[in-house]
Protein chains: 2
Amino acid sequence: MERLFGSVTIKINDKIFVKDPASSDLGKRIIEQSILMINDIGFEGFTFKKLGLQIGSNESSIYRYFENKHKLLLYLTSWYWGWLEYQLVFATNSIGDTSEKLKKAIEIVTRPTVKDSAFSHINEVLLSNIVINEYSKSYLTKEIDTENKEGYFVIYKRMIERFNEMIHAVDSEYKYPSSLASTILEGSLHQYFLKDHFPSLTDCHEKGDTTKYFTDLVFHTLKAKQNG
Amino acid sequence: MERLFGSVTIKINDKIFVKDPASSDLGKRIIEQSILMINDIGFEGFTFKKLGLQIGSNESSIYRYFENKHKLLLYLTSWYWGWLEYQLVFATNSIGDTSEKLKKAIEIVTRPTVKDSAFSHINEVLLSNIVINEYSKSYLTKEIDTENKEGYFVIYKRMIERFNEMIHAVDSEYKYPSSLASTILEGSLHQYFLKDHFPSLTDCHEKGDTTKYFTDLVFHTLKAKQNG
DNA sequence: CAAATATAATAGTATTACTATCAATATATG
DNA sequence: CATATATTGATAGTAATACTATTATATTTG
């Protein structure tokens with residue numbers, strides 16, 4: 001993907017980390033290698049001790065960046081949503097027609113992830129796998145309400161809000177724009193999970209199917225006006 | 001809900017437990033109290049030691065019923081889906097019209113749960129809360145593929161398959177019946193979660209809204225034939 | 001070069017998620 | 001009714017996890 005200027009950074013709520021991992025070499029290695037490790041052995045099996053071993057650093061050093069692995073997961077998933085949001089805005093900004101805009105937006109968030117060379121230490125393909133397999137665990141906790149208040153989920157919520165608005169622009173009469181927006185984002189992750197582990201529970205097996213499925217669902221549900 | 005004969009039991013894959021908890025008094029207390037505890041302190045905070053304390057029994061005794069708390073969660077959630085499946089079949093069995101049948105099915109799985117007096121040691125309302133908050137964790141693991149092969153998710157998969165068939169009966173041309181079925185089941189849990197913790201991400205705030213949202217979504221998407 | 005800062009090494013703690021052993025008790029059967 | 005058998009309870013022990021604390025050693029910067 002072509003960018004207008006070379007250095008875009010994804011801004012993460014600084015309550016999520018103790019020290020900004022983007023600010024140092026060690027921090028970047030923590031992010032880079034934690035993505036590889038969580039993708040490999042899963043979030044449950046992942047520990048700071050193992051990560052320290054892999055990056056040739058010490059457990060205690062990692063604790064100076066993140067309070068615990070839950071916060072690290074929040075960081076990674078926030079980064080992913082921020083990155084996706086950037087692509088979403090970039091790709092839809094110039095589209096005037098409301099239906100075309102929504103169509104493009106659905107495509108952006110439901111298509112398979114490809115590597116973005118702009119962020120060298122982050123493998124977006126593996127990260128999107130982590131989001132598919134682990135994102136729910138970041139909010140299905142007893143701490144959800146306090147963490148939500150702290151703003152740990154703002155980027156995700158803003159994404160949903162953007163869809164909400166695009167849906168409203170297509171059909172202002174539709175009664176469930178937020179629910180539909182949530183269904184697209186969360187449902188897309190779920191369809192990718194099903195494809196890999198419960199293939200009989202999905203019809204989205206080929207590249208592009210998930211996009212088609214949600215596009216079909218949304219545009220049958222909304223009453224698009226001419227030149228909305 | 002009225003039943004035809006007094007004792008219906010929900011059959012659970014016997015690989016999930018070491019000893020059938022339905023077969024003894026202690027087993028039933030394990031189920032009863034684990035529902036209260038998991039609902040209360042969450043699956044992460046829940047341990048067999050705490051449960052033993054609460055039911056006045058011993059940690060080691062609980063291990064004679066379940067290998068670990070993950071298996072106990074599989075048991076509880078399987079029971080829930082089995083219970084819901086029973087209601088689904090019972091309520092839709094006699095409906096001839098395919099659209100009416102699907103409509104009823106959507107209603108059954110998207111409406112709020114109410115207590116069923118037929119199973120005295122199980123609080124279905126709390127259990128449905130557990131399913132909303134913890135079900136994903138039972139399959140978002142590195143063991144998913146082996147556990148799926150062992151048949152730990154058969155009831156859930158059968159539910160989706162039933163929806164798949166009902167959708168097909170309404171519109172045999174529709175290309176994504178399994179995906180849509182998955183979206184209804186998984187999406188419904190998600191809408192209930194959002195209502196409690198991210199209210200701005202859903203429009204389903206009042207009783208009946210989730211049912212209306214999914215009914216609207218499904219019947220706009222499918223082309224129902226007259227007397228299908 | 002000195003002071004400040006970042007990182008590494010080591011040790012230690014409470015809790016978790018079990019396993020093993022043995023005693024006590026309840027239940028079944030002959 | 002006695003004995004075998006199954007069930008449950010109590011206690012102890014282990015390896016790993018999820019940290020915290022302290023001190024030592026680099027590295028940066030003023």
Side-chain angles (χ1 to χ4, degrees), chain A residues 14-34 37-38 40-76 121 134 137-138 140-143 146-147, chain B residues 14-34 37-38 40-76 121 134 137-138 140-143 146-147:
Chain A
D14 57 18
K15 282 180 200 150
I16 289 180
F17 47 76
V18 181
K19 177 180 169 156
D20 187 356
S23 71
S24 75
D25 185 63
L26 178 60
K28 275 177 208 149
R29 264 156 55 224
I30 289 173
I31 299 307
E32 177 180 27
Q33 296 296 316
S34 67
M37 262 194 120
I38 294 174
D40 205 37
I41 63 175
F43 187 65
E44 274 71 42
F46 170 82
T47 69
F48 281 1
K49 193 168 195 171
K50 288 178 190 167
L51 179 63
L53 224 82
Q54 179 153 327
I55 64 180
S57 176
N58 199 273
E59 199 188 355
S60 59
S61 303
I62 301 167
Y63 276 105
R64 264 181 231 103
Y65 285 85
F66 294 101
E67 271 176 70
N68 50 50
K69 68 175 183 173
H70 170 69
K71 290 279 178 81
L72 172 56
L73 180 63
L74 286 175
Y75 182 90
L76 295 178
H121 65 297
E134 323 286 0
K137 297 172 194 168
S138 77
L140 294 177
T141 68
K142 278 285 161 184
E143 294 74 38
T146 44
E147 295 197 343
Chain B
D14 57 18
K15 283 179 198 150
I16 289 179
F17 48 75
V18 182
K19 177 179 169 154
D20 187 356
S23 70
S24 75
D25 184 64
L26 177 61
K28 276 176 209 150
R29 263 156 56 223
I30 289 172
I31 298 308
E32 177 180 26
Q33 296 295 317
S34 66
M37 261 194 120
I38 294 173
D40 205 37
I41 64 175
F43 187 64
E44 274 69 43
F46 170 81
T47 68
F48 280 2
K49 193 168 195 170
K50 287 178 192 168
L51 178 63
L53 224 80
Q54 178 154 327
I55 64 181
S57 176
N58 199 274
E59 201 187 354
S60 58
S61 302
I62 301 167
Y63 275 104
R64 273 183 218 105
Y65 285 85
F66 294 101
E67 271 176 68
N68 50 51
K69 69 174 182 172
H70 170 68
K71 290 283 180 79
L72 171 56
L73 180 61
L74 287 175
Y75 182 90
L76 295 178
H121 64 298
E134 322 285 0
K137 297 172 193 168
S138 77
L140 295 177
T141 69
K142 278 285 162 186
E143 294 74 37
T146 45
E147 295 196 344

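A, B, ... follow the sequence lines: proteins, then strands. Residue 1 opens every chain.
- The residue B/Lys49 sits apart from the nucleic acid: no heavy atom pair falls under 4.0 Å.
- The shortest side-chain heavy-atom distance between A/Tyr65 and A/Leu26 falls under the 4.5 Å cut-off.
- Among the atoms of the strands shown, only primed sugar atoms or phosphate atoms (P, OP1, OP2) are found under 4.0 Å from some heavy atom of A/Ser57.
- Checking D/dA18, C/dT7, D/dG9 against every side-chain atom of B/Ser61, the shortest atom distance belongs to D/dG9.
- Distance A/Lys50 NZ to D/dC19 C1': 16 Å, rounded to the nearest Å.
- Between C/dT7, D/dG9, C/dC18, one nucleotide has an atom nearer to the side chain of B/Glu59 than all others, and that is C/dC18.
- For the pair A/Phe48 CZ and D/dT17 C1', the interatomic distance rounds to 12 Å; values are reported in whole Å.
- Listed nucleotides: D/dT20, C/dT7, C/dA17. Nearest to the side chain of A/Lys19: C/dT7.
- The side chain of B/Asn68 lies closest to C/dC18, out of C/dC18, C/dA8, C/dA17.
- Protein atom CD of B/Glu44 is 17 Å distant from nucleotide atom P of D/dT17, rounded to whole Å.
- Spacing between atom CG of A/Asp25 and atom P of D/dT27 amounts to 12 Å, rounded to whole angstrom units.
- Side-chain polar atoms of A/Ser34 and A/Tyr75 form no donor-acceptor pair below 3.5 angstrom.
- When side chains are defined from C-beta on, A/Phe46 does not count as touching A/Leu73, because their heavy atoms never get closer than 4.5 Å.
- Put simply, CZ on A/Arg29 is 16 Å from P on C/dA6, counting in whole angstrom units.
- Counting non-hydrogen atoms under 4.0 angstrom, A/Tyr65 reaches the backbone sugars and phosphates but no base.
- Taking 4.5 Å as the limit, some side-chain heavy atom of B/His70 sits within range of a side-chain heavy atom of B/Thr141.
- To the nearest 0.5 angstrom, B/Ile30 atom CD1 is 10.5 Å from B/His121 atom NE2.
- One can place OH of A/Tyr63 at 19 Å from C1' of C/dA6, the figure rounded to the nearest angstrom.
- When each of C/dA17, D/dT8, D/dA18 is scored by its nearest atom to the side-chain atoms of B/Arg64, the top-ranked nucleotide is D/dT8.
- We find that CZ of B/Phe66 is positioned 14 Å from P of C/dC18, with the value rounded to whole Å.
- Among the nucleotides C/dA9, D/dA10, C/dC18, the one closest to the side chain of B/Asn58 is D/dA10.
- Checking D/dA18, D/dT11, D/dA21 against every side-chain atom of B/Ser60, the shortest atom distance belongs to D/dT11.
- If you measure from atom CD of A/Glu67 to atom P of D/dA21, you get 13 Å, rounded to the nearest angstrom.
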